[in-house]
Amino acid sequence: HGNSNELKLQQFGDFNYGWLEAGNTNSNQYNQIQLYQAGDNHYAYLEAFSGNSNSIDVYMGNGQDDNYVYVLTLSSSDSNNIKVWQGKHKDGTTDTDETGGHEAYWIVSGDSNTLSSYQTDTNRGGGGGDYHHLANYIFGNSNTVEHTQMGKAGHDGFIDITGDSNIVNLYQRGNGGQKWADIVLDGDGHTVDVDQRGSQSAT
């Protein structure tokens, strides 16, 4: 815990677990947390507890399925940058032969945060696999949220924002399963852009 720390973890193989945490007071700033997990069935927990201008970057992929990540910033953490990649794309590309089943959750409290999540299995060749689940909870003002899910077995997307002047972009695409999104906004001045594409139902 402190300022300007770097936490970096790389894990290769299956069934890995990672927990990376920085900051325990409002003075803990400019921390960088980076996680790279290649393989199947990973679990990750990443936390920047209060403090400003922290960076969290998570990548899970190069495997088949069932990866789970939980990202948390709390106690008025401002001007943070969070990216969660599962399979990759937009456009860091990758996605060799993913089969889906990715889950990501993040909870963000504070102002002027930049938040992005990407899930994909568009190059799926072996069949099987499961749908993606992505849930984003934001408490604060002036947030920008980008939420992208692509693949062949369906998507669940949930965005819940309490605060003003947020911009939300949600994009779901795929032909092999149902697409479902639930967006809840509490406040004024929001801009929302939702695009659901592909066969099967979209709700």
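Hydrophobic clustering, with ILVMFWY side chains joined whenever heavy atoms are under 4.5 angstrom apart, groups Val71 together with Val145. Both Leu35 and Ile33 belong to a common hydrophobic cluster when Ile, Leu, Val, Met, Phe, Trp and Tyr are linked at side-chain heavy-atom distances under 4.5 angstrom. Under the 4.5 Å side-chain heavy-atom criterion for ILVMFWY residues, a single connected hydrophobic cluster contains both Leu115 and Val192. Cluster annotation: Ile167 is not connected to Tyr171 through the hydrophobic network of ILVMFWY side chains, with a link wherever side-chain heavy atoms come within less than 4.5 Å.
A distance-only check finds a donor-acceptor pair linking the side chain of His155 to the backbone of Arg173 [under 3.5 Å]. A donor-acceptor pair under 3.5 Å links the side-chain atoms of Lys179 to the main chain of Ser199, judged by distance alone. Looking at Gln149, its side chain does come within 3.5 Å of a backbone N or O of Asp156 through a donor-acceptor pair.
In this structure, Ile56 CD1 and Glu47 CD are separated by 8.5 Å, a value rounded to the nearest 0.5 Å. The structure places CD of Gln34 at 11.0 Å from CG of Leu9, a figure rounded to the nearest 0.5 Å. Atom NE2 in His147 sits 5.5 Å away from atom CD in Gln172 (nearest 0.5 Å). The distance from atom CG of Asn81 to atom CG of Asp57, rounded to the nearest 0.5 Å, is 8.0 Å. Note that CG of Asn16 is 9.5 Å distant from CE of Met60, once rounded to the nearest 0.5 Å.
Contact of the Ile107 side chain with the Phe139 side chain is registered, since non-hydrogen atoms from C-beta on lie closer than 4.5 Å. Taking the side chain as every heavy atom from C-beta outward, Phe12 and Tyr36 approach each other to under 4.5 Å.
Minimum interatomic distance between Gln37 and Ala44 (heavy atoms only, all atoms of both residues): OE1-CB, 3.9 Å. Summarising the geometry of Gln119 relative to Ala104, their closest heavy-atom pair is NE2-N, 3.7 Å, with the distance given to 0.1 Å. Nearest heavy atom pair, residue Gly18 against residue Gln11, reads N-OE1, 3.9 Å.
Tested against Ser117, the residues Val58, Thr148, Leu170, Leu134 include a single side-chain contact (heavy atoms from CB on, under 4.5 Å) partner, Leu134. A side-chain contact (heavy atoms from CB on, under 4.5 Å) with Ile161 holds for exactly one of Leu185, Ile183, Asn136; it is Leu185.
Between Tyr17 and Tyr45, the distance from one ring center to the other does not fall under 6.0 angstrom. You'll find the ring centres of Tyr105 and His133 inside the 6.0 Å limit.
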For side chain to side chain contact (heavy atoms under 4.5 Å, CB included), just list the numbers for Thr191 and Asp193, CA-CA rounded to whole Å, side-chain angles, deciding distance to a tenth of an Å, and then say yes or no. CA-CA 7 Å; Thr191 299; Asp193 186 0; 5.9 Å; no
Chi angles and distances behind the side chain to side chain contact (heavy atoms under 4.5 Å, CB included) call for Ile138, Trp106: CA-CA 8 Å; Ile138 303 101; Trp106 38 260; 3.8 Å; yes
Could you go through Gln178 and Trp180, starting from their C-alpha distance and side-chain angles, then the distance that decides it, and tell me whether this counts as side-chain hydrogen bond (donor to acceptor under 3.5 Å, both in side chains)? CA-CA 7 Å; Gln178 298 178 356; Trp180 176 89; over 6 Å; no
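Annotation: salt bridge (charged side-chain N to carboxylate O under 4.0 Å, His left out) contacts involving residues 10-20, sequence neighbours excluded, are absent. Counting only residues at least two apart or on different chains, the salt bridge (charged side-chain N to carboxylate O under 4.0 Å, His left out) pairs with a member in residues 132-151 are Lys90-Glu146.
Between His132 and His102, the ring planes lie parallel to each other; the angle is under 30°, not in the 30° to 60° tilted range.
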